[in-house]
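Heavy-atom basis, side chains included; hydrogens, waters and symmetry copies ignored. Numbered from 1 within each chain, the chains take letters A, B, ... in sequence-line order.
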There are 2 protein chains.
Amino acid sequence: STKFKQLSPAEFFYNNRSMAGFDNPTRAVYTVMRELIENSLDACDAHGIKPLIYVSLKRVAADELEVLIADNGVGVPSRYIADAFGRVFFGSKYTIRQSRGTFGLGGKMAILYGQLTTGEPVNVATSIGSDIHLVKLSIDIKLNQPIVHQKKILHNPNSYRGTTVSIKFKGDYVSARNRVIRYLRMTRIALPYASIIFFDPENQVFLAPALTESMPKPPVESKPHPYGVDIIKVKEMVDSSKREVTLLKFLQKFSRIGVTTASRFVTWLGLDPNRPVKKLSDDEIKKIVEGFKSFTFLPPDGSSLSPLGEQTIRTGLTSEYNPEFISVTTRPPSAYEGFSFIVEAALAYGGGINSENGSNEVRLLRFANKIPLIYDSSNDVAMKVIEEDIDWANYGLDPKVDPLLIFIHIAASKVPFKTAGKEYVADREEVRREIRLALRKCARDLKTYLSKKKREQNFHMR
Amino acid sequence: STKFKQLSPAEFFYNNRSMAGFDNPTRAVYTVMRELIENSLDACDAHGIKPLIYVSLKRVAADELEVLIADNGVGVPSRYIADAFGRVFFGSKYTIRQSRGTFGLGGKMAILYGQLTTGEPVNVATSIGSDIHLVKLSIDIKLNQPIVHQKKILHNPNSYRGTTVSIKFKGDYVSARNRVIRYLRMTRIALPYASIIFFDPENQVFLAPALTESMPKPPVESKPHPYGVDIIKVKEMVDSSKREVTLLKFLQKFSRIGVTTASRFVTWLGLDPNRPVKKLSDDEIKKIVEGFKSFTFLPPDGSSLSPLGEQTIRTGLTSEYNPEFISVTTRPPSAYEGFSFIVEAALAYGGGINSENGSNEVRLLRFANKIPLIYDSSNDVAMKVIEEDIDWANYGLDPKVDPLLIFIHIAASKVPFKTAGKEYVADREEVRREIRLALRKCARDLKTYLSKKKREQNFHMR
Ligand SMILES: Nc1ncnc2c1ncn2[C@@H]1O[C@H](COP(=O)(O)OP(=O)(O)OP(=O)(O)O)[C@@H](O)[C@H]1O
Ligand SMILES: Nc1ncnc2c1ncn2[C@@H]1O[C@H](COP(=O)(O)OP(=O)(O)OP(=O)(O)O)[C@@H](O)[C@H]1O
Ligand SMILES: [Mg+2]
Ligand SMILES: [Mg+2]
């Protein structure tokens, strides 16, 4: 007879760790590094702290590594430390605000991978400025909860604030090295205000001191934008509303809906503004959700987002590639499923970008929420736009042959990642459209530049 | 101050539905269809039932569809119906045995997608041969549990057995149609013993009656194979062992370890066979896991697997493509992480496969546990083998230019899928190696055939 069973979230990702970027011992090194670095960067720049991050990766046995990462971030409050590092789907980044973290999974997967390859617990030291808390823990997979092996509290006379995480795990650093370095170089492009120091197992140092003094101000949490919000979301918001809340009041829980817009929307839909929202029927909720898709609301205001900005993109591309010409386009904020996002695109041409690429492949540099994306580019929504939506010949360009580099950054309060390992971005229509519009604008600018350059060259030749 | 939160599994996949194959309204149609069909096929061929599956997809409003699927499978026992269809990470396929289902997620995602696009609950009718149970339910996302709207029990005078599921959801069938039909055609190649009838929204019928009378016998649950088992897995098995179980007895819980092999292994490791396994230290467990990787055990016996078999592959490829020549290779059973798997590969050449492909792309037909894989082939482990591991020139072949079709089937007690939508298989070293060896053998056979053919042609020309 058939055995039915319930799996915990930790069991699911332990069973299916390839989904989270732990496909093999080489990929595991990359994933452990990037998950820890992204946690440290979030702990800094989401709180207006200029990141100073130290990472060391040491060889402790034949195929065994130990990673140690130390940041100057905001720290973890003591009552949350064990769950933050020991419970899958537990985290602080489930808000409507741009951050690298989004799943409440990454740190736990790195710890879990250490546990399954070496049996060793993770060591965490953290402080929010008061006492320093040291915790040694492992993950109870069946129950999806932390097992605390040891706890210690230290006084903090210098008010140190930040987090240190140390994990022993098996992995192949030699095969992973190029990708790890590429990740760090790409991070440098996106984050000129961050200092990252990396000591690798061969005692090589990757030193990336901050290039700029100032930092963009952190994004702030926003309300959901009405565009693309679905029935489940609206029902959740109705459930969490007080009993007396009217439809008119309820609509103002959405971004860009003030009392005037709310009244116009309710009138347009033919509903009663004073109706208690908890009394709405399923059909009326469906009508509201349909209306959200077709009514013209102001677009999102972008305050929950943190784009790179044209200056950072130009500086980064120039320092890495020294191109002859760069066209940058920043799209206005858009939304999908109620989440706002901004696409920034650039085309870099010539200079240090040479066309004897040999491989006849598109040169594509992808970022999402300032995270470098290195794997699985062929299925990324950006690659679909490049290969299916842009008529490059129309601009006199061929991205597979010309000395051309394509740069895409998606800054979103939720990035529609296709994998739990954040390898690539899903083919979401609203996102695809914004990338398409951004690249067409960049291509037009590049075409203009190249025609002008050609005319000048022809002029000189006479 | 930072808000920490716990997400339920339903909330996680509701937030990140692109990961489960619900990227956009076109992909959603494909995913709903394939998740329901795979559930019905599992309910049949895992239980020795010749599948007879009826699927209809009707248009009920402008962009709203209703899918109805009816199978003659084993049915769902009444006490499990609500959780089977209403609780994420709940299912009957968490065993060491080949099945299409593996996550306890697919059916729930289809239901959830219907719920978020239409607000409608799912209707399920099922019987294991006694009463017929009708259940109308929706999913409580926050609590990850079913909300039963209505329940009914009907008498079953004809002992009907099987399951019917009906979901209303929004989707773009017109854009999805080609992929849905391709999925059905590929299913036909793999399952000559199944009858599938599909009525689409345009009143077209896809009729695929069974081509063969006999069915392969269902795979049986097996113990884990020692090769590749990790520390967490061993500790779990130790925890669930009775207190008096010795190390010698414990080792026999693994496939291919009888008392003789267990003694040899314990002696080789230098441990005491009579030691109560619960008294092993962490270091000793680690030593056992390391030993499992290097000790020579008999390979898995394949009884938990259900490969297609050379005959089915030849028949299927012949009926679809009528090639001039087919070479088929079936690798012996192998293992990773304790799970056994078999790779079957084929190269089909010429005949109905023409080389004016135009697109200069590899023709690759992928299956995993008899499931057709249609999306994201570029990152699939099979494509990595084809593009990086096989020196095609060595065999006088060029898969991008020649009239060549590459067929890969991975039959596994756990397929290392990279995505929750089962789009492609992760780059797992043991799996990559087996595909590589299988394709090299096929390539050698094809090379031999082509040389022989060329010699014969040269002979005739004299
Ligand atoms: N270095 C750090 N400094 C401060 N807080 C941290 C640090 N590392 C982890 N945390 C906290 O632990 C939580 C869980 O981290 P984890 O990486 O598991 O998930 P996440 O970052 O929220 O999402 P994702 O799975 O996308 O990475 C974070 O949300 C954050 O609150
Ligand atoms: N048509 C059906 N006939 C019999 N049992 C079914 C049927 N559909 C679903 N089930 C039962 O419901 C369970 C949950 O199905 P669901 O699709 O959510 O997960 P799964 O098939 O186990 O795994 P996966 O997420 O990989 O599809 C199944 O394990 C099976 O026991
Ligand atoms: Mg994280
Ligand atoms: Mg299923």
With a 4.5 angstrom heavy-atom cut-off, which part of B:Val76 approaches chain A: side chain, backbone, both or neither?
side chain
Highest number of heavy-atom pairs under 4.5 Å with chain A: which of B:Phe89, B:Tyr94, B:Tyr14?
B:Phe89
Residues of residues 5-12 of chain B within contact distance of chain A, non-hydrogen under 4.5 Å
B:Lys5, B:Gln6, B:Leu7, B:Ser8, B:Pro9, B:Phe12
To the nearest 0.5 angstrom, please state how far the OG1 atom of A:Thr26 sits from the CG atom of B:Asp427.
8.5 Å
Between the CD1 atom in A:Ile141 and the CG atom in B:Asp239, the distance rounded to the nearest 0.5 Å is 11.5 Å
Identify which one of B:Arg428, B:Lys418, B:Arg432 satisfies the side-chain hydrogen bond (donor to acceptor under 3.5 Å, both in side chains) criterion when paired with A:Asp23.
B:Lys418
B:Asp230 bridged to A:Lys170 by N-O distance under 4.0 Å:
no
Cut-off 4.5 Å, heavy atoms of chain A, and the answer for B:Lys233 is both
So, B:Lys286 and A:Glu120, do they make that salt bridge, N to O below 4.0 Å?
no
Could you have a look at A:Thr117, A:Asn15, A:Ile285 and say which one has the most heavy-atom pairs with chain B under 4.5 angstrom?
A:Asn15
Across all chains, not counting sequence neighbours, the side-chain contact (heavy atoms from CB on, under 4.5 Å) partners of A:Glu221 are A:Thr95, B:Lys3
Under 4.5 Å from a heavy atom of chain B, the part of A:Asn144 involved:
side chain
Region of A:Leu116 that comes under 4.5 Å of a non-hydrogen atom in chain B
both
For each of B:Ile139, B:Ile231, B:Asp283, tally heavy-atom pairs with chain A at distances under 4.5 Å, and name the one with the top tally.
B:Ile231
Under the side chain to side chain contact (heavy atoms under 4.5 Å, CB included) rule, what do B:Leu112 and A:Ile232 come out as? Steps first, then yes or no, please.
CA-CA 9 Å; B:Leu112 202 146; A:Ile232 285 179; 4.2 Å; yes
Would you mind checking which part of B:Thr118 comes under 4.5 Å of any heavy atom in chain A, side chain (CB onward), backbone (N, CA, C, O), both or neither?
both
Contact part of A:Lys293 toward chain B, heavy-atom cut-off under 4.5 Å: side chain, backbone, both or neither?
neither
Which heavy-atom pair separates A:Asp282 from B:Gly119 by the least distance, and what is that distance?
OD2-O, 4.4 Å
Side chains of B:Asp376 and A:Tyr424: donor-acceptor distance under 3.5 Å anywhere?
yes
In terms of heavy-atom pairs under 4.5 Å with chain B, which of A:Ser92, A:Gly104, A:Ala46, A:Ser138 leads?
A:Ser92
Taking side chain as everything from C-beta outward and backbone as N, CA, C, O, which of these in B:Phe13 sits under 4.5 Å from a heavy atom of chain A? Side chain, backbone, both or neither.
side chain
A:Lys142 side chain vs B:Glu236 backbone, donor-acceptor pair below 3.5 Å
no
Heaviest contributor of heavy-atom pairs below 4.5 Å to chain A, chosen from B:Arg27, B:His47, B:Glu423, B:Lys93, is B:Glu423
B:Met19 side chain near A:Pro416 side chain, heavy-atom distance below 4.5 Å:
no
With a 4.5 Å cut-off on side-chain heavy atoms, are A:Asn16 and B:Phe417 touching?
no
Got a second to check how far B:Glu430's CD is from A:Asn24's CG, nearest 0.5 Å?
9.5 Å
Comparing B:Ser378, B:Ala420, B:Ser18, B:Gly91 against chain A, the one with the most heavy-atom pairs below 4.5 Å turns out to be B:Gly91
